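To keep things clear, I will list the structure first and then write my remarks on it.
Bear in mind the structure is a predicted one, so any value in this text is a computation, not a measurement. When a ligand or atom number is given, it counts from 1 through the structure's own listing order. Just so you know, these numbers use all the heavy atoms, side chains as well, and skip hydrogens, waters and symmetry mates.
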Amino acid sequence: MSSLFYLNKYLVRYKWRLILGTIFIICSNVFFVQQPGLIRDAINEIEDFIANVDPQATSNILKQGLWLSGLYTLLSILKGIFLFFTRQTIIIMSRFIEYDLKNEIYDQYQRLTFNFYKKNATGDLMNRISEDVTKVRMYLGPGIMYTINLFVLFSLVLYKMLSRNAELTLYVLTPLPIMSLLIYFVSRVINKKSEKVQAQQSLLSTIVQETFSGIRVVKSHVKEESVSAKFEKEADLYKKNSMNLALTNAFFMPTIILLIGISTILTIYMGGLQANNGTIDPGEIAEFVVYVNMLTWPFASVGWVTSIVQRAAASQKRINEFLEVDPDINPNHDAEQEIHFDQDIRLNQVSLTYENSGVTALKNIDFNIKKGETIGIIGKTGSGKSTLAYLIMRLLDPSNGNITVDNKRLDELNLDAWRAYMGYVPQEHFLFSDSILNNILFGTKEDVSFERVQEVAKNAGIHDSIMNFPEQYETRLGERGINLSGGQKQRLSIARALIKTPDILVLDDCLSAVDNETEELILQSIKSELRSKTTLIISHRISSLKYADRIIVMDDGRLVEHGNHEELMSLKGIYFDTYKRQELQTDQNK
Ligand SMILES: Nc1ncnc2c1ncn2[C@@H]1O[C@H](COP(=O)(O)OP(=O)(O)OP(=O)(O)O)[C@@H](O)[C@H]1O
Ligand SMILES: [Mg+2]
């Protein structure tokens with residue numbers, strides 16, 4: 001429950017809506033509880049009318065009847081109007097808070113780092129901001145509204161009943177403790193069962209989501225039937241759980257109605273005895289019966305409201321877990337906006353261990369990148385090349401050692417300025433479901449001309465392909481750019497990195513899916529585009545590194561060889577072997 005306290009700051013922010021809403025609830029119920037009194041009067045009038053047969057009375061009773069029913073209608077209308085205002089204030093308040101909370105979570109997601117995203121599944125992150133927030137809103141809207149309503153209505157009805165007939169009130173309320181206990185127990189069972197239903201439902205959506213994302217894999221392995229069978233099995237369990245829940249629900253409402261019925265019978269019986277003694281009018285019995293029935297719905301909804309609150313508490317707890325995470329990379333937003341890079345970037349005995357897997361991906365790396373140099377990085381898969389790029393981009397901070405830029409520690413620089421200074425083409429490129437133009441422009445904050453976009457696209461070797469698409473630069477890419485080939489996606493990612501004319505460019509294996517000729521073309525234009533810029537090219541292929549001034553060879557997280565092409569060849573080590581092997585392959589392909 002305490003997790004919901006987090007929302008109090010929002011309730012304070014919208015306190016006027018809440019206070020006004022409460023006043024409207026009181027108004028609406030004040031009119032509501034006047035109605036049974038009118039029914040009592042009407043019945044008493046009829047009683048009198050039947051008792052003394054006076055010809056004069058006929059027109060009187062008609063007038064009286066019209067007056068009472070007019071009043072009754074008026075009260076209903078007033079009650080309805082205030083109910084409308086209640087919803088307009090409290091439910092709308094819940095929508096405002098939902099909006100604020102979603103923004104707060106989203107901002108937090110933007111602050112959090114690479115490590116956080118490696119640890120948490122996308123589906124989970126999505127659920128926080130959609131389903132969990134929805135559950136919290138149910139508490140803020142209907143949850144709060146019905147709770148206030150119950151208290152207000154119950155107090156008013158109790159006051160009305162006590163002031164009319166204290167003894168009868170006692171009889172009427174006898175079944176109440178039993179009802180409360182019943183509601184408590186049954187709603188616990190219902191909650192447990194509905195949790196099961198919900199868990200099963202998220203399992204189902206995970207299966208569906210994965211199948212859709214991996215539909216090509218599913219189809220190419222002819223796994224449609226087994227995937228369907230799995231879905232059917234889980235769907236069947238979902239059905240069973242839901243039916244089980246429906247059974248409990250079906251039992252709940254009739255029981256409440258039974259208890260209310262008992263209460264009504266008690267009222268009529270005890271009231272009847274009192275009426276026989278002449279202590280009360282028959283109208284009063286009817287009035288009490290109406291009071292009892294007025295309480296039916298608010299009481300029956302107690303279980304529902306508790307479950308709303310419990311679910312909201314669980315959801316808010318999960319949301320809080322995320323909101324409390326501090327980004328593990330300090331962005332130094334107060335540091336200087338300008339980056340000074342005139343000499344070199346140094347890696348001083350840098351090591352990195354991934355927290356989640358415990359893998360030490362980099363071990364005591366020690367080297368420097370001079371300004372204006374092109375550095376090639378080569379090594380087997382898993383040797384730590386991408387990890388090195390993450391460190392230089394500062395997507396991660398080293399576990400040991402440090403990185404300096406012109407003798408100033410990288411982790412003391414302004415992070416946004418540093419990233420804006422760099423161009424990075426990640427190994428796992430990602431394209432948005434948007435036009436090609438916007439995908440390229442994503443790389444820059446500045447306004448750039450269309451000519452510049454085309455120029456960059458030409459340098460990345462993608463312009464001609466784009467011009468062949470039906471809508472050229474306005475062509476929309478499907479989810480994850482599904483209508484582009486692997487090589488086209490890579491080149492589009494390169495264009496995105498080039499558009500901001502970065503001072504440092506990091507290319508992580510982004511030429512693996514293009515043929516040798518295109519590779520040569522792209523490398524040349526990058527070289528001419530970024531003449532004096534610092535470039536880091538990570539690759540498996542030696543051919544990609546032909547323009548590198550220096551090459552480092554990685555193996556199992558260590559820097560094992562270092563030098564230019566000739567120096568490395570003369571070492572006759574890993575680089576030499578790789579060169580020979582790749583040369584052989586090229587020859588075979590010719
Ligand atoms: N996010 C991560 N969490 C845990 N371990 C990781 C993570 N990323 C990489 N690793 C591990 O770190 C090691 C180095 O990975 P890295 O991606 O840097 O290799 P790489 O040289 O870029 O390989 P490739 O050539 O296949 O891209 C690997 O053993 C890998 O399993
Ligand atoms: Mg890699």
From atom 31 (O) of ligand 1, is the closest protein heavy-atom distance below 4.0 Å?
no

Which ligand 1 atoms are under 4.0 Å away from a heavy-atom of Thr387?
14 (C), 15 (O), 16 (P), 18 (O)

Might you work through the side-chain hydrogen bond (donor to acceptor under 3.5 Å, both in side chains) test for Lys193 and Asn244, ending with a clear yes or no?
CA-CA 8 Å; Lys193 289 187 176 175; Asn244 198 318; 2.7 Å; yes

Relative to each other, are the rings of Tyr473 and His463 parallel, tilted or perpendicular (30° and 60° limits)?
tilted

Under 4.0 Å from one or more heavy atoms of Ser357, ligand 1 contributes atoms 4 (C), 5 (N)

For a distance under 2.8 Å, tell me if Gln427 has an N/O/S atom near the Mg ion (ligand 2).
yes

Can you find a heavy atom in the side chain of Val425 that is under 4.5 Å from one in the side chain of Val506?
no

Can the ring centroids of Phe116 and Phe322 be said to lie less than 6.0 angstrom from one another?
yes

Record the part of Val359 in heavy-atom contact with ligand 1 below 4.0 Å; permitted values are side chain, backbone, both and neither.
side chain

Who's the nearest protein heavy-atom neighbour of atom 28 (C) of ligand 1, and how far?
Gly382 O, 3.9 Å

If I take every N, O or S atom of Ser386, is at least one of them less than 2.8 Å from the Mg ion (ligand 2)?
yes

Test item, His540 contacting ligand 1 (heavy atom, 4.0 angstrom):
yes

In terms of the angle between their ring planes, are Tyr6 and Tyr10 parallel, tilted or perpendicular, with boundaries placed at 30° and 60°?
perpendicular

Can you tell me if Gly384 contacts ligand 1 (heavy atom of the residue under 4.0 Å from the ligand)?
yes

Pair Arg318 + Asp132, salt bridge at N-O below 4.0 Å:
yes

Minimum non-hydrogen distance to atom 21 (O) of ligand 1, winning option of Glu428, Lys385, Glu355, Met554
Lys385

When distances are taken from atom 3 (N) of ligand 1, the protein heavy atom at minimum range is Asn356 OD1, 3.2 Å

For atom 1 (N) of ligand 1, find the nearest protein heavy atom and state the residue, atom name and distance (0.1 Å precision).
Lys118 CD, 3.0 Å

Can you tell me the protein heavy atom closest to atom 26 (O) of ligand 1 and the distance?
Thr381 OG1, 2.9 Å

Ile377 and Ile551, any side-chain heavy atoms less than 4.5 Å apart
no

Measure the spacing between CD1 of Ile403 and CD1 of Ile365 and express it to the nearest 0.5 Å.
10.5 Å

Only heavy atoms of Ser383, strictly under 4.0 Å: list the atoms of ligand 1 that pass.
19 (O), 21 (O)

Rounded to the nearest 0.5 Å, what separates atom OH in Tyr421 from atom OG1 in Thr534?
7.0 Å

Considering non-hydrogen atoms of the protein only, which is the closest contact for atom 22 (O) of ligand 1, and what is the distance?
Ser386 OG, 2.7 Å

What is the distance from atom CD1 of Ile319 to atom CG of Leu7, rounded to the nearest 0.5 Å?
7.5 Å

Checking a contact table here: which protein heavy atom is nearest atom 9 (C) of ligand 1, and how many Å away?
Tyr354 CE1, 3.4 Å

Is there a polar contact between ligand 1 and Gln427, counting only N or O atoms under 3.5 Å apart?
yes

When you measure from atom 14 (C) of ligand 1 to the protein, is at least one non-hydrogen atom found at a distance under 4.0 Å?
yes

Which residue is it: Ile504, Ile392, Asp508, Leu505? I am looking for the one with a side-chain contact (heavy atoms from CB on, under 4.5 Å) to Leu536.
Ile392

Just how far is it from atom CD1 of Ile129 to atom OH of Tyr106, taken to the nearest 0.5 Å?
7.5 Å

Do ligand 1 and Ala361 have nitrogen or oxygen atoms that lie under 3.5 Å from each other?
no

